[in-house]
Protein chains: 2
Amino acid sequence: MAETSPDDALPLYFRLFNEIGIIEQLSRALLEAQLPAGMLVSHFSVLNHLIRVKDGRTPLELARAFQMPKTTMTHTLGGLHKHQLVETRPNPEDKRSKCIWITDAGRAFREDAIAAMAPDMGELAAHMEAGIAQDLVSKLTDLRIYLDESRIAKTRLRE
Amino acid sequence: MAETSPDDALPLYFRLFNEIGIIEQLSRALLEAQLPAGMLVSHFSVLNHLIRVKDGRTPLELARAFQMPKTTMTHTLGGLHKHQLVETRPNPEDKRSKCIWITDAGRAFREDAIAAMAPDMGELAAHMEAGIAQDLVSKLTDLRIYLDESRIAKTRLRE
DNA sequence: TGATTTAAGTTCTATATCGTACTAATTGAT
DNA sequence: ATCAATTAGTACGATATAGAACTTAAATCA
């Protein structure tokens, strides 16, 4: 949820999350504008994860990595499967389960999306120094880890 | 869309938006966990805007402030209206339009939500120094303004 | 003034998200 | 070994988001 003119009177930490919410919305729109119709950031993110971390993951492992309900992951994987961007193989260690592998088309899709974003990222890089971006990433990573590990983020447990 | 272990090899600016996406998801869950059942961050945000900026706004002005489609705002306002947290009056300057005013119940709802978040915010404040939060807010505000004003964020125009 | 175009809001429809409940397989206890 | 409890994944239902098209009023223009 985004609003464009956060009031300076808002307590500092509210403002922090408010800005983060706005930027999330803008950046998601930005990425999705570069994706083929019907493809969402969720699809890109899963493909990205399969490459960056490792493919052959189970749907449940993926759902946990993204802290989303497994039913949502079922749905997202359905979309990826329909476009043949991932393929499914049985899990040799658990017959209830299955493993998700990225296809060549999936790799190409991800690379195309990244390439399509490159100009925008370059424009941003020209506007925001790498040092500032690095500092932001560092502090935001600390915040994310805190939220992820602290009691307060456990309010809504999943699974 | 969130994943818990961003790869250091990801280009810096991708990682920035990735962290922001994760934190947005966590913080939204955090706030919604404090709201009564059925109430969403979107409802809180609109009430917050009506107080912080000004009430008596039209739905379209609100939709633009939040950069969301007006149909979504119609839906969100419907929920607020159903709970009598806002009320609608005719727009004296335009008979097609109407103005949205927050009710006393709406003010109370917003205050309660903020009070309910206070412990979590306090815990965060104890973990992250105000100076760091201030620095984050400052840099993120710059980034938000850049995205909001730059050509690249105009990719998806709304109404 | 009357006709056309633009704008505000809603309705209708599609779909992404996510909770509940189910099926099937695994684990654990005895 | 058997049966209970747990776990992986799915099906289904509810609802938030958002695009298309519609209604009504306003603005523009001849």
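Throughout, protein chains are lettered first and strands after them, A, B, ... in sequence-line order, and every chain is numbered starting at 1.
Residue A:Leu77 contributes atom CG, which lies 13 Å from atom P of D:dA11 at whole-angstrom precision. Put simply, CD on A:Glu32 is 13 Å from C1' on C:dT17, counting in whole angstrom units. What separates CG of B:Leu80 from P of D:dA16 is a distance of 11 Å, to the nearest Å. The nearest whole Å value for the distance from the CE atom in A:Met73 to the C1' atom in C:dG19 is 17 Å. Counting to the nearest Å, the C1' atom of C:dA16 and the CZ atom of A:Phe44 are 19 Å from each other. The interatomic distance linking B:Met39 (CE) with D:dA16 (P) rounds to 10 Å, in whole Å. Distance B:Lys70 NZ to D:dT17 C1': 16 Å, rounded to the nearest Å. Summarising the geometry, the separation between CZ on B:Phe66 and P on D:dA18 is reported as 13 Å, rounded to the nearest angstrom.
The residue among A:Thr76 and B:Pro59 whose nearest nucleotide of DNA chain C is located toward the 5' end is B:Pro59. Map A:Thr72 and B:Glu61 each onto its nearest nucleotide of DNA chain C; the residue landing nearer the 5' end is B:Glu61.
Between the side chain of B:Glu24 and the backbone N or O of A:Ile20 there is no donor-acceptor pair closer than 3.5 Å. Using a distance-only test at 3.5 Å, with no hydrogens or angles considered, a donor-acceptor pair links the side chain of B:Thr103 to the main chain of B:Leu85.
For B:Glu111, the side-chain hydrogen bond (donor to acceptor under 3.5 Å, both in side chains) criterion is met by no residue, not counting sequence neighbours. Applying the ring pair (Phe, Tyr, Trp, His ring centres under 6.0 Å) rule to B:His75 yields no partners; only residues at least two apart in sequence or on another chain are considered. A search for side-chain hydrogen bond (donor to acceptor under 3.5 Å, both in side chains) contacts involving B:Lys139 returns A:Asp135, B:Asp135, not counting sequence neighbours. Legend: residues meeting side-chain hydrogen bond (donor to acceptor under 3.5 Å, both in side chains) with B:Ser97, ordered by chain and number and at least two apart, are B:Asn91. Contacts of A:Thr71 classified as side-chain hydrogen bond (donor to acceptor under 3.5 Å, both in side chains), with partners at least two apart in sequence or in another chain: none.
Taking a 4.0 Å limit (strictly below) on heavy-atom distances, residues 82-102 of chain A reaches DNA chain D at A:Arg96, A:Ser97, A:Lys98.
Between C:dA16, D:dA18, C:dA8, one nucleotide has an atom nearer to the side chain of A:His75 than all others, and that is C:dA16.
Annotation: ring-ring contact (aromatic ring centres under 6.0 Å, His included) contacts involving residues 119-141 of chain A, sequence neighbours excluded, comprise A:His127-B:Tyr146. Here ring-ring contact (aromatic ring centres under 6.0 Å, His included) pairs that include residues 81-118 of chain B, with residues two or more places apart or in two chains, number zero.
Phosphate proximity of C:dC18 to A:Thr71: absent, as no side-chain N or O sits under 4.0 Å from OP1 or OP2. Distances shorter than 4.0 Å separate none of the side-chain N or O atoms of B:Thr74 from OP1 or OP2 on C:dG9.
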Strictly under 3.5 Å: I want the nitrogen or oxygen pairs between protein and nucleotides 1-3 of chain C, one per line.
none

